[in-house]
Amino acid sequence: MDTIIIEGGSTRLKGQVTIEGAKNAVLPLLAATILPQEGKTLLRNVPILSDVFTMNNVVKGLNIALEFNQEKKEILVDATGDILDEAPYEYVSQMRASIVVLGPILARQGHAKVSMPGGCSIGSRPIDLHLKGLELMGAKISQVGGDITATAKKLKGANIYMDFPSVGATQNLMMAATLADGVTVIENAAREPEIVDLAVLLNKMGADVKGAGTETLIITGVERLHGAEHDVVQDRIEAGTFMIAAAMTSGDVLIKDAIWEHNRPLLAKLTEMGVEATEEADGIRIKSDLTKLKPVTVKTLPHPGFPTDMQAQFTALMAVVNGESTMIETVFENRFQHLEEMRRMGLHSEILRDTAIIHGGQDLQGAPVMSTDLRASAALILTGMVAKGQTKVTKLNHLDRGYYQFHEKLKALGAKIERVSEVEHV
Ligand code: UD1
């Protein structure tokens with residue numbers, strides 16, 4: 001079991017950091033590689049993350065040939081043979097995001113059986129919107145023995161209004177609609193940059209998807225799709241995490257290739273706090289003086305609102321900025337567990353349902369803490385850089401799902417941080 005050990009208190013991050021391709025983009029892109037019956041698909045700028053290995057296993061489990069060249073950060077997929085239409089529990093249970101294979105398998109095979117994803121520590125994550133949309137497209141859905149079975153010889157275009165702009169449901173329905181008969185209109189669709197990235201790949205494969213990035217998607221079904229080449233979009237959440245790391249440590253860091261437009265909601269809040277953010281030719285520079293930063297109120301919302309995936313990291317910043325800040329989490333209902341861990345470091349905060357009041361700027365002390373989920377793990381490491389003394393962060397399996405070489409990147413910027421493998425005591 002690995003532990004990250006941080007000596008905090010005097011770190012000022014300086015230099016430049018390179019960002020990987022986005023985890024939340026590559027997972028649905030891999031699901032899309034199931035669709036083409038001709039030609040191979042090449043994905044470039046693929047991040048080396050445990051979630052990517054899990055999704056690779058889901059795709060390979062369908063009898064699809066997949067090669068991951070980690071040195072080149074490329075994945076080559078050949079789905080031209082006969083494929084299976086069942087995604088087993090063994091892999092789906094490891095990662096909720098694997099539910100996005102349901103739409104592509106059903107669209108291509110006329111039948112799909114995918115294990116129902118299990119529980120999640122950040123809150124309830126139903127898939128009703130995925131299933132309702134597929135039903136409107138003519139699929140018969142049943143749920144038996146923990147599996148979802150969907151059948152439709154040929155899906156039909158439909159008008160779908162989503163109660164909530166779910167990212168996963170939008171991706172599933174968009175992929176299913178590419179091979180349906182006729183036109184599908186998805187209203188109140190998710191608008192995240194990762195949705196746009198998926199639409200770009202689908203269109204390269206021969207699909208007809210219009211409106212990605214707006215709240216209305218119009219997808220005209222086609223007969224067949226073919227392989228394509230695609231660069232995965234940069235990870236705005238990884239980029240944002242380093243922006244916050246720089247802001248918290250009175251740093252001066254260039255986040256290379258970060259895309260301003262994708263990080264606009266975060267940049268607006270950082271600027272409101274007093275952080276200096278500038279767009280440069282090769283990325284975004286963040287400069288800050290922690291003693292001068294002001295507390296703010298932030299509310300998470302679907303894109304283009306403030307991302308829930310930046311909430312934990314932003315509360316780490318709120319914890320070290322003098323004064324009372326407020327974080328309102330509207331997307332997931334149980335996403336403040338990191339604040340309980342930060343309490344061990346001396347943080348004063350109050351949580352009432354979806355709102356956390358954070359009394360920032362008190363002296364924080366290093367402590368042993370446990371990651372409770374992916375973004376919480378990054379938040380705890382960032383807090384450890386500012387807290388005085390030693391912080392030990394465990395349960396790094398969460399971190400490895402979404403951050404590649406996180407501690408090496410922070411170390412190169414000047415953090416006093418090590419990752420050690422500890423032998424478990426029996
Ligand atoms: C994706 C991201 C995740 C991010 C989240 C919100 C990936 C792989 N994961 O997750 O990192 O935190 O978007 O930005 O891209 N909901 C329903 N019914 C549904 C589907 C969702 O009620 O059928 C609700 C969920 O309970 C949740 C909210 O919608 O409260 C957001 O979920 P959704 O946008 O679907 O998130 P994911 O696609 O699971």
Side-chain angles (χ1 to χ4, degrees), residues 21-32 47 49-52 54-55 58 92 94-103 114 116-136 141 143 148 150 160-176 186 188-198 215 232-233 235-238 240-241 262-263 265-266 299-314 328-338 353-354 373-379 398-399 401-403:
K23 168 183 90 75
N24 285 354
V26 75
L27 301 177
L29 295 176
L30 280 165
L49 301 170
S50 62
D51 271 8
V52 172
T54 305
M55 195 59 153
V58 174
V92 175
Q94 286 175 29
M95 188 181 65
R96 298 189 48 83
S98 39
I99 189 67
V100 291
V101 300
L102 179 64
V114 178
M116 178 85 183
C120 179
S121 66
I122 62 173
S124 137
R125 291 174 93 166
I127 54 161
D128 56 313
L129 299 171
H130 302 237
L131 302 184
K132 272 189 212 161
L134 292 175
E135 276 175 337
L136 285 170
I141 311 258
Q143 207 184 312
I148 298 156
I160 302 167
Y161 179 85
M162 294 210 304
D163 302 344
F164 182 89
S166 153
V167 174
T170 303
Q171 291 164 340
N172 232 335
L173 299 175
M174 186 182 4
M175 288 189 273
I186 306 174
N188 200 24
R191 291 182 269 169
E192 273 70 2
E194 295 77 24
I195 300 281
V196 177
D197 208 36
L198 176 61
E215 57 203 29
V232 180
V233 69
D235 196 323
R236 66 195 163 101
I237 306 300
E238 188 197 8
T241 303
H262 294 179
N263 280 105
L266 169 65
K299 189 182 201 172
T300 66
L301 286 168
H303 193 77
F306 189 94
T308 174
D309 285 351
M310 288 306 309
Q311 183 257 103
Q313 304 90 310
F314 206 88
I328 308 161
E329 169 61 65
T330 75
V331 181
F332 292 107
E333 74 272 17
N334 188 27
R335 213 174 184 180
F336 284 137
Q337 292 170 69
H338 50 280
R353 293 193 197 92
D354 63 356
D373 64 73
L374 164 56
R375 305 302 166 187
S377 63
H398 293 298
L399 183 75
R401 287 188 44 219
Y403 291 95

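In listed order, ligands and their atoms are each counted from 1. Numbering of residues begins at 1 and proceeds along the displayed sequence.
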In terms of atom number and element, which parts of ligand 1 are under 4.0 angstrom from non-hydrogen atoms of [X]?
X	result
V167	1 (C), 13 (O), 33 (P), 34 (O), 35 (O), 38 (O)
A97	8 (C)
I127	19 (C), 23 (O)
T308	6 (C), 12 (O), 14 (O)
V331	27 (C), 28 (C), 30 (O), 31 (C)

Without hydrogens or angle criteria, can the side chains of Q311 and H338 be said to hold a donor-acceptor pair below 3.5 Å?
-> yes
In Å and rounded to the nearest 0.5 Å, what is the [atom1] to [atom2] distance from [X] to [Y]?
X	Y	atom1	atom2	answer
E333	D354	CD	CG	10.5 Å
N172	I127	CG	CD1	8.5 Å
D235	E194	CG	CD	7.5 Å

Are any of the N/O atoms on [X], whether in the backbone or the side chain, positioned under 3.5 angstrom from an N/O atom of ligand 1?
X	result
Q171	no
N24	yes
G168	yes
E333	no
D128	yes

P165 and side-chain contact (heavy atoms from CB on, under 4.5 Å): which partner among L129, N188, T170?
-> N188
Should [X] be listed as contacting ligand 1, given a heavy-atom distance under 4.0 Å as the test?
X	value
P126	yes
R335	yes
H130	yes

Counting heavy atoms only, which part of L129 comes closer than 4.0 Å to ligand 1: side chain, backbone, both or neither?
-> both
Going by the 4.0 angstrom heavy-atom rule, the piece of R375 near ligand 1 is neither
L173 side chain reached by M162 side chain, heavy atoms, under 4.5 Å | yes
Partners meeting side chain to side chain donor-acceptor pair (under 3.5 Å) with R191 (sequence neighbours left out) | none
